[in-house]
Participant: 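The structure under discussion is supplied below as structure tokens; questions concerning it will follow.
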Amino acid sequence: MASPSTGNALHKESDFFTRVYELVSSVPAGKVTTYGSVAEQLGLRSSARMVGWALSAADTGRVPAHRVVNRFGALTGKLHFLTADTMRLMLEAEGVTFRDDGTVELKLHLHQFSTRERD
DNA sequence: GCTTTGACCTTTA
DNA sequence: CTAAAGGCCAAAG
């Protein structure tokens with residue numbers, strides 16, 4: 001959209017970063033997404049690492065990075081937040097339920113961007 | 001300008 | 001079955 005060569009690049013740190021933020025911000029409250037799903041939407045199915053890395057550079061107060069968890073639903077980047085419990089508390093505040101293992105119920109809160117066909 | 005690391009996932013041994 | 005390495009792209013040293 002628009003013309004990127006018009007010299008409009010102002011707050012755009014990087015298209016990749018913004019792309020991740022958009023997808024994460026697209027996730028409603030009470031829902032959680034996974035790095036793999038986001039990466040897949042970006043076309044970087046095998047490069048899910050960069051998704052998490054992008055979140056590390058993202059501001060947790062600006063981007064709901066707490067809604068992003070790993071494949072197992074475990075809060076891998078919780079230590080990157082203000083406190084180790086911050087991520088969990090925020091998700092609980094959103095209405096997300098946790099298992100006894102401290103993992104998020106992906107079956108209940110996993111936000112799917114599109115119908116993923118498997119097999 | 002090259003090397004290392006990074007909140008991961010997938011495949012091969 | 002479990003364990004290890006590879007892969008991907010990008011930023012910081």
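Below, chain A is the first sequence line, B the second, and so on; all start at residue 1.
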Participant: Examine A:Arg88 relative to A:Phe98 and say whether NZ or CZ is less than 6.0 Å from the centre of the six-membered ring and inside a 45° cone about the ring axis.
Facilitator: yes

Participant: For A:Ala39, which contact category applies under a 4.0 Å heavy-atom criterion: base, sugar-phosphate, or nothing?
Facilitator: nothing

Participant: Distance check needed: B:dC8 P versus A:Arg71 CZ, whole Å only.
Facilitator: 13 Å

Participant: Take the protein atom CG of A:Asn70 and the nucleotide atom C1' of B:dC8, then report the distance between them rounded to whole Å.
Facilitator: 8 Å

Participant: Roughly, in whole Å, what's the span from NE2 in A:His80 to P in B:dT5?
Facilitator: 15 Å

Participant: Can you identify which nucleotide, out of C:dG7, C:dA11, B:dA7, has its nearest atom closest to the A:Phe17 side chain?
Facilitator: C:dA11

Participant: What is the separation between atom CE on A:Met50 and atom P on C:dG7, rounded to the nearest whole Å?
Facilitator: 16 Å

Participant: Base, sugar-phosphate alone, or nothing: which one does A:Phe81 contact when heavy atoms must sit under 4.0 Å apart?
Facilitator: base

Participant: Taking the C1' atom of each, how far is C:dA3 from B:dA7, in whole Å?
Facilitator: 23 Å

Participant: Taking CG from A:Leu42 and P from C:dC8, how many angstroms apart are they, rounded to a whole number?
Facilitator: 16 Å

Participant: Considering only atom P, compute the distance from B:dT5 to C:dA5 and round it to an integer number of Å.
Facilitator: 15 Å

Participant: By nearest heavy atom, map A:Val69 and A:Trp53 onto DNA chain B; which one lands nearer the 5' end?
Facilitator: A:Trp53

Participant: Going by atom types only, do A:His109 and A:Thr97 share a side-chain donor-acceptor pair under 3.5 Å?
Facilitator: yes

Participant: What integer distance in Å separates A:Leu91:CG from B:dA7:P?
Facilitator: 18 Å

Participant: Please report the distance, rounded to the nearest Å, between CG in A:Leu82 and C1' in B:dA7.
Facilitator: 15 Å

Participant: Select base, sugar-phosphate, or nothing to describe what A:Leu55 touches, counting heavy atoms under 4.0 Å on all strands.
Facilitator: base

Participant: Would you compute the distance between atom OG1 of A:Thr103 and atom CG of A:Leu75 and round it to the nearest 0.5 angstrom?
Facilitator: 8.5 Å

Participant: So A:Gln41 and A:Val38, do their side chains get closer than 4.5 Å, heavy atoms only?
Facilitator: no

Participant: Tell me whether the centres of the aromatic rings in A:Trp53 and A:Phe17 are closer together than 6.0 Å.
Facilitator: yes

Participant: How many whole angstroms separate atom OH of A:Tyr35 from atom C1' of C:dA10?
Facilitator: 17 Å

